[in-house]
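Just so it is clear, the model here is predicted, and its values are computed rather than measured. Every chain is numbered from 1, with letters handed out A, B, ... down the list of sequences.
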Amino acid sequence: MIVRPRPGFLRLLFVVRGTILPRVLPHVLGVAALASLVVLTLKQGYLRLPVTSPAPLSLLGIALSIFLGFRNNACYDRWWEGRKQWGALIIEVRAFTHAAIALLDDGRAELPVAGRQAARRLVHRTIAFPYALAAHLRGLDAGEDIGRYLMDPERSRVLGSGNRPNAILREHQLELASLLREGRLTDITWGALNERVHAMMSVFTACERIRLTPLPFAYTVLLHRTAYLFCLLLPFGLAESMGWFTPVLSAMIAYTFFGLDVLSEELEEPFGNAPNDLPLLAMTRTAEINLLEALGEPQPEPLRPKDFILG
Amino acid sequence: MIVRPRPGFLRLLFVVRGTILPRVLPHVLGVAALASLVVLTLKQGYLRLPVTSPAPLSLLGIALSIFLGFRNNACYDRWWEGRKQWGALIIEVRAFTHAAIALLDDGRAELPVAGRQAARRLVHRTIAFPYALAAHLRGLDAGEDIGRYLMDPERSRVLGSGNRPNAILREHQLELASLLREGRLTDITWGALNERVHAMMSVFTACERIRLTPLPFAYTVLLHRTAYLFCLLLPFGLAESMGWFTPVLSAMIAYTFFGLDVLSEELEEPFGNAPNDLPLLAMTRTAEINLLEALGEPQPEPLRPKDFILG
Amino acid sequence: MIVRPRPGFLRLLFVVRGTILPRVLPHVLGVAALASLVVLTLKQGYLRLPVTSPAPLSLLGIALSIFLGFRNNACYDRWWEGRKQWGALIIEVRAFTHAAIALLDDGRAELPVAGRQAARRLVHRTIAFPYALAAHLRGLDAGEDIGRYLMDPERSRVLGSGNRPNAILREHQLELASLLREGRLTDITWGALNERVHAMMSVFTACERIRLTPLPFAYTVLLHRTAYLFCLLLPFGLAESMGWFTPVLSAMIAYTFFGLDVLSEELEEPFGNAPNDLPLLAMTRTAEINLLEALGEPQPEPLRPKDFILG
Amino acid sequence: MIVRPRPGFLRLLFVVRGTILPRVLPHVLGVAALASLVVLTLKQGYLRLPVTSPAPLSLLGIALSIFLGFRNNACYDRWWEGRKQWGALIIEVRAFTHAAIALLDDGRAELPVAGRQAARRLVHRTIAFPYALAAHLRGLDAGEDIGRYLMDPERSRVLGSGNRPNAILREHQLELASLLREGRLTDITWGALNERVHAMMSVFTACERIRLTPLPFAYTVLLHRTAYLFCLLLPFGLAESMGWFTPVLSAMIAYTFFGLDVLSEELEEPFGNAPNDLPLLAMTRTAEINLLEALGEPQPEPLRPKDFILG
Amino acid sequence: MIVRPRPGFLRLLFVVRGTILPRVLPHVLGVAALASLVVLTLKQGYLRLPVTSPAPLSLLGIALSIFLGFRNNACYDRWWEGRKQWGALIIEVRAFTHAAIALLDDGRAELPVAGRQAARRLVHRTIAFPYALAAHLRGLDAGEDIGRYLMDPERSRVLGSGNRPNAILREHQLELASLLREGRLTDITWGALNERVHAMMSVFTACERIRLTPLPFAYTVLLHRTAYLFCLLLPFGLAESMGWFTPVLSAMIAYTFFGLDVLSEELEEPFGNAPNDLPLLAMTRTAEINLLEALGEPQPEPLRPKDFILG
């Protein structure tokens, strides 16, 4: 995610880093070049255009804007839902940790040591979960980060699983059930903790849904194709009535349409590594710090943005 | 669902498979042919058009875009809700399985064998549920897949029912109630498992709702009809001012409008077999693998896309 | 609700039944007639129009499209929410039935007969609820259907109440409380069943909300009036530049605008008897069949659409 | 709220009562007068307008329509959310009443009288809550209606509080806690009733949120101002090309824009006394009738609309 | 937040305070000056514009309106969600307070004093939470306000934490757990109070999400840049056909587009100190008053708006 203080009203015009300008610039320049060529050949008399009104093109352009707007909205919703799911994850790991410590270990000496150890084990495993989820969504390994918070034989079971986040949650539920059987949890307090685990499972599956189900492919193709053809047609439609303004206006329209198309593509898959994607690693680190603080253990530093980008 | 790496910016223009181009091409070509005929007869002087401004047509076109945009949005919401429901199903079958195994069987020898068997029976029946639901929604049989995870006399009760997903959930609730009576579950842990069954019921009924209640028929007809007439009228409105650009522009507008109309139709019913429909079978297989892994039983292979299409 | 296989791409153009064409045709023809008159008098020189550009009319038309689109969206949301509420009702009556049978009667001989009878009574009363709700929403009686599933003195209490769905749910809660007092339900299992009754209450009240609170009247009037005046003004604005195309285009625009207005009106009140309204009776029958099947009692036939309309 | 049978297609054009016509008419006539003046001076040659195309004005008008549409949508959502919250209130008071009577008093003689009295007290206090909430939201007193259902010293505590709805709910929770301590409720049944009280608290706070947080002021000003200036500019832009149609079209556009602006303003604050606001008093009365019926006590008449307006 | 009685229809046109006029005025005047210059040089013959139709510019302007509208919608949704979260916070602190007092202290002498003290401690800590949250979101200290309601050693633990709201909730959960162990709460009543704490955690994390995740930066840049360039291009496109109306119309369009851009920016981050941001301090004070009233302790005055702005 791009993290930078919002530049001033005028500075915003000249920002390049973190924008989609580099990705669309070649195409925008291509449209401008085509437009210049059309105007030139027209002025030289080599070309005669039958078009006398730009209104029909406007119709197509407006229709396209409406459909691009809807697509953009749908992609933004996906991105924001991804962020909400990770927000919910932060809630749940914090709440699970607080409750586990409160119910099993309040730090007083008279409590049996086993409860304290169980609480610590539960919290450590909870730290491993966002690491496993982030790696699962980004197709990375992260075995080291996950393994640091687990002990064998559990560590090998989790790292050996094809679906590590799922495996971690299963360990959670097995441990909760055995705490219930040992009488350290009543069925009510078991239920309260189990509900948190269920909520983590919901986050996990919702993230998988966003990750594995892009917008319908035909939708993306239809809009991309129409936008492209439209921008290629534009210079022919404008040259007669706009003269040498044609390249400027064509380039601006192309910049807007291509820019929105590319931006929608980045937002559509919020868990990737593109600059506008969500900072999964930074959020994982935040959760790690919060949870270690609750245990009273030493904490790493929060992640800082590099070149305005938070990973 | 179409699963393919997103082609590059330019490659996207020439993709055919997985798009709705084949379905709308004849109609688009029809419009282009009509437009060519109009321009030709106009140029030859056989036709005189009274239209001197394309603006009124633009008005109709823009109004149509707005309404098509809204319809498209509604259809996409249905498709995405269908996906969300199946995501929720994956959550619930995973969570039910984890909880059932944790509460009834933690793999230790000192537990009574009956609990272990009950857990296995519950998980197997949970695997049968997505199979039954997918078949119910697609109008298929799938009796073999369902039957593999059930034992008689339950198998015949379920396969003989007119509504198999419903019958499976009833068996779940009868078994949970008998585990409660036998004291293997407390009323709290019974409640926790029962809530999962209720959530599966919700998914099932929500999918039935999407399946059985299309968009109001009159809405579909109104927009389809207006879009069609509009595209037939377009060449007459454009020919005077666009000349030989008329066929190109008419075809592009027709492609956009017909394409959106056809795509909306595919998304409206997300549980069918069209290329853009949801991959119910692949998701069912994923659930099967997860659940068998949790039981420690051998697992089938995940489904792979064929020709970029996941079934 | 209109239930018909979606006609083919071209057949859709000529469908009449189930569309709103019959309702708007007179008005559309009126606009076409006015437009013809305007063009005729203009051609004959009896009329001189000061309008030289249709652009200002376009502005009003586009503004109108945007507002009609929003209204249509709001009405569709009401219709779809109505459907969702009935879907939730189906979930709840199924889940309540499964749970009541599981907790009170598992069909084994060693259980006391009273539990079995209570389960049967609860399920029968649950069948009566959708009948009472559908009748309440449509302003019908349905006393016979409701009474078939109740026994005196309860039957007279319910049928004598001014708000029958409410009265049925009260009977449910009284019976559950007495089962709790008799020890047939623990407070946890009572809570699980009571939550289902609360959810039925939610559905009931949400349906009442949709039924009793239409869109703000001033909103409906504002849009209807502007759409109507716009269509009457249209021929004067188009005649100069469109000539004999004026009647055709005016009629198409009027068809779109009036059609959307009328359709919004039908969707606004989804529980009525118009062709596009929700099939309350069919859904009630489906619930009845499911619940009787769960009791093992004989079931009626599902409702079938008549002339493509499901009641 | 305006409650009237929807007039027929044509009658809708001439309805005045309940519409926002009276509020915007002066401004619409002002715009029409200005437009007439502009056309007159133009025709007389006293004025020369440099404008040769109405297209740029169209651009501003369309932009404005889009933004007005969004604002209108936001205001409608507030209105509908207000209605939903009151719907939820009806659900909760009904459900609380049913459950309180069922758990504390089933009308049989063998139950201790104290339970019956507690139930009656709880229900009476529940009737007072909507009265207190409606008065709180509308800035009225309603002390008499509230006091009728409370007994001293509780009555003085509630009426003396600066936030009466809040005070009523506190009394509820104190009474529930003392019933729990007396053993008339188990902690589970206490939890079930307490959840209803929490839901009433949610409704109350959500209504306060809508009441106290209007749309951002700058938003309202920006759109109102642009709409007004636009309508004043319109005659100058149209006069050249529309001639004597200018006053008609300007008035229609002003009617649409001002009407939507005024209507949005009414919907923005749904708990006021304007004709399109929500019928809080009628809904309060409905709840009162339902709850008294459940207690078997005499009930007042439902409120009837006066001049089509329900209070 | 700006709190002022809505000025009358005409007064709204001249309001300055609380609007975004001051922020955009320089840019609007710049556009007007440029437009005047263009018209002047055109009239003097120093400039020849090739543009003969403003229609292509309209196309860009309309596309821009659609995209600005969507962005504005997204920003408003963030603002409104921020408000909803604070509304939920008010619900939860009220409900927690009522329940804590009801369960631990009903004011009667026969109850042990310790319960009463625990209730008071819980409520005081609950008052500290909104103070800590508001300060956290606005980057302020507020250590004094928070410390007033805590006692050492808890005070130093909370004030020393890097994340004070989180630390306060952890103290809550530790205290609830110890009340559970002491038998002052059953596991059910513990569960009811713990659920409220979980809800406060949800609010906290949702506010952090809105605070830390702005709209994608590239989106903001793309729209800002296009809007700016569009407004600079506008005078050239309009001058030929609008003459001396060009500065007026350009300024109005620039006012609308820049105004919406600036307003979206303010709404995007609802927890800041800009005039249209949410009144966190006033809401915190309201919660403080409600909670102290419930304890029967002396209450501060509510915050009043200064210059129509509530802090």
Side-chain angles (χ1 to χ4, degrees), chain A residues 27 49-53 55-60 62-64 66-67 69-70 73-74 161-163 166 169-170 173-174 176-178 180-181 187-188 190-191 194-195 197-198 201-202 204-206 208-209 213-222 224-226 228-230 233 236-237 262 265, chain B residues 1-2 4 6 9 12-13 15 18-20 53-55 57-58 61-62 64-66 69 72-73 76 79 83-84 87-88 90-91 94-95 98-99 101-103 106 186 188-189 191-192 237-238 241-245 248-249 252-253 255-257 259-260 263 266-267 275-276 278 290 293-294:
Chain A
H27 303 273
L49 286 177
V51 182
T52 61
S53 158
L57 262 184
S58 287
L59 160 61
L60 183 54
I62 293 173
L64 202 52
I66 294 170
F67 303 147
F70 274 116
N73 210 29
S161 161
N163 189 332
N166 195 31
L169 296 181
R170 199 162 60 224
Q173 273 180 313
L174 287 174
L176 290 181
S178 97
L180 169 63
R181 268 190 300 267
D187 46 9
I188 297 283
W190 169 85
N194 188 48
E195 215 176 301
V197 177
H198 183 247
M201 175 74 81
S202 297
F204 163 45
T205 315
E208 265 192 327
R209 163 169 53 80
T213 313
L215 243 66
F217 183 67
Y219 200 43
T220 302
V221 172
L222 179 67
H224 179 80
R225 198 173 272 172
T226 317
Y228 218 95
L229 291 179
F230 174 75
L233 216 56
F236 299 94
V262 163
E265 190 196 319
Chain B
M1 199 178 64
I2 297 161
R4 54 186 303 172
R6 187 176 158 119
F9 211 74
L12 262 183
L13 296 176
V15 168
T19 71
I20 38 67
S53 158
L57 261 184
S58 286
I62 293 173
L64 201 52
S65 305
I66 294 170
N72 188 54
N73 211 29
Y76 172 72
W79 181 83
R83 182 59 185 85
K84 276 187 177 168
I90 304 289
I91 296 173
R94 280 177 182 167
H98 289 187
I101 294 177
L103 290 170
D106 68 347
T186 66
I188 297 283
T189 52
L238 299 184
S241 57
M242 302 291 288
W244 280 109
F245 267 19
V248 178
L249 195 59
M252 272 187 67
I253 293 177
Y255 171 57
T256 312
F257 281 11
L260 221 72
L263 186 56
E266 285 200 9
L267 298 183
N276 287 298
L278 294 171
N290 286 171
E293 190 191 4

Legend entry - Approximate separation, where rounding is to 0.5 Å, of A:Arg225 CZ and B:Met252 CE: 11.0 Å

Legend entry - Value rounded to 0.5 Å, distance of CG in A:Leu59 from CG in B:Leu57: 8.0 Å

Inset, instruction - Report the option among B:Leu267, B:Asn72, B:Ile90, B:Leu238 that has the most heavy-atom pairs separated by less than 4.5 Å from atoms of chain A. - result: B:Asn72

Legend entry - Which atoms of B:Ile62 approach chain A - backbone, side chain, both or neither, heavy atom under 4.5 Å: both

Inset, instruction - Could you list the residues that satisfy side-chain hydrogen bond (donor to acceptor under 3.5 Å, both in side chains) with B:Thr189, not counting sequence neighbours? - result: B:Thr186

Legend entry - Per-residue contact mode, A:Ser58 against chain B (heavy atom under 4.5 angstrom): neither

Legend entry - Pairwise distance CZ(B:Arg83) to OG1(A:Thr213) - rounded to 0.5 angstrom: 3.5 Å

Inset, instruction - Output the option from B:Gly87, B:Ala192, B:Ala294 having the highest count of non-hydrogen pairs under 4.5 Å with chain A. - result: B:Ala294

Legend entry - Heavy-atom contact with chain B under 4.5 Å, split by part of A:Leu233: side chain

Inset, instruction - Measure the spacing between CE of A:Met201 and NE2 of A:His198 and express it to the nearest 0.5 Å. - result: 7.5 Å

Inset, instruction - Give the member of A:Thr226, A:Ile66, A:Asn73, A:Leu222 that has the highest number of heavy-atom pairs under 4.5 Å with chain B. - result: A:Leu222

Legend entry - Engaged part of A:Tyr219 at the chain B interface, taking heavy atoms whose separation is under 4.5 Å: both

Inset, instruction - Drop me the distance from B:Tyr255's OH to B:Leu260's CG, to the nearest 0.5 angstrom. - result: 10.5 Å

Inset, instruction - Under 4.5 Å, counting heavy-atom pairs only, tell me which of A:Pro216, A:Ala206, A:Gly69, A:Gly162 racks up the most with chain B. - result: A:Pro216

Legend entry - Portion of A:Leu229 that has a non-hydrogen atom of chain B nearer than 4.5 angstrom: both

Legend entry - Heavy-atom side-chain contact between B:Leu103 and A:Gln173 under 4.5 Å: no

Inset, instruction - Check whether any side-chain heavy atom of A:Phe204 lies under 4.5 Å from a side-chain heavy atom of A:Asn163, and answer yes or no. - result: yes

Inset, instruction - Could you tell me which portion of A:Leu176 (side chain, backbone, both or neither) has an atom closer than 4.5 angstrom to a non-hydrogen atom of chain B? - result: neither

Inset, instruction - Could you have a look at A:Asn194, A:Asp187, A:Leu60, A:Leu215 and say which one has the most heavy-atom pairs with chain B under 4.5 angstrom? - result: A:Asp187

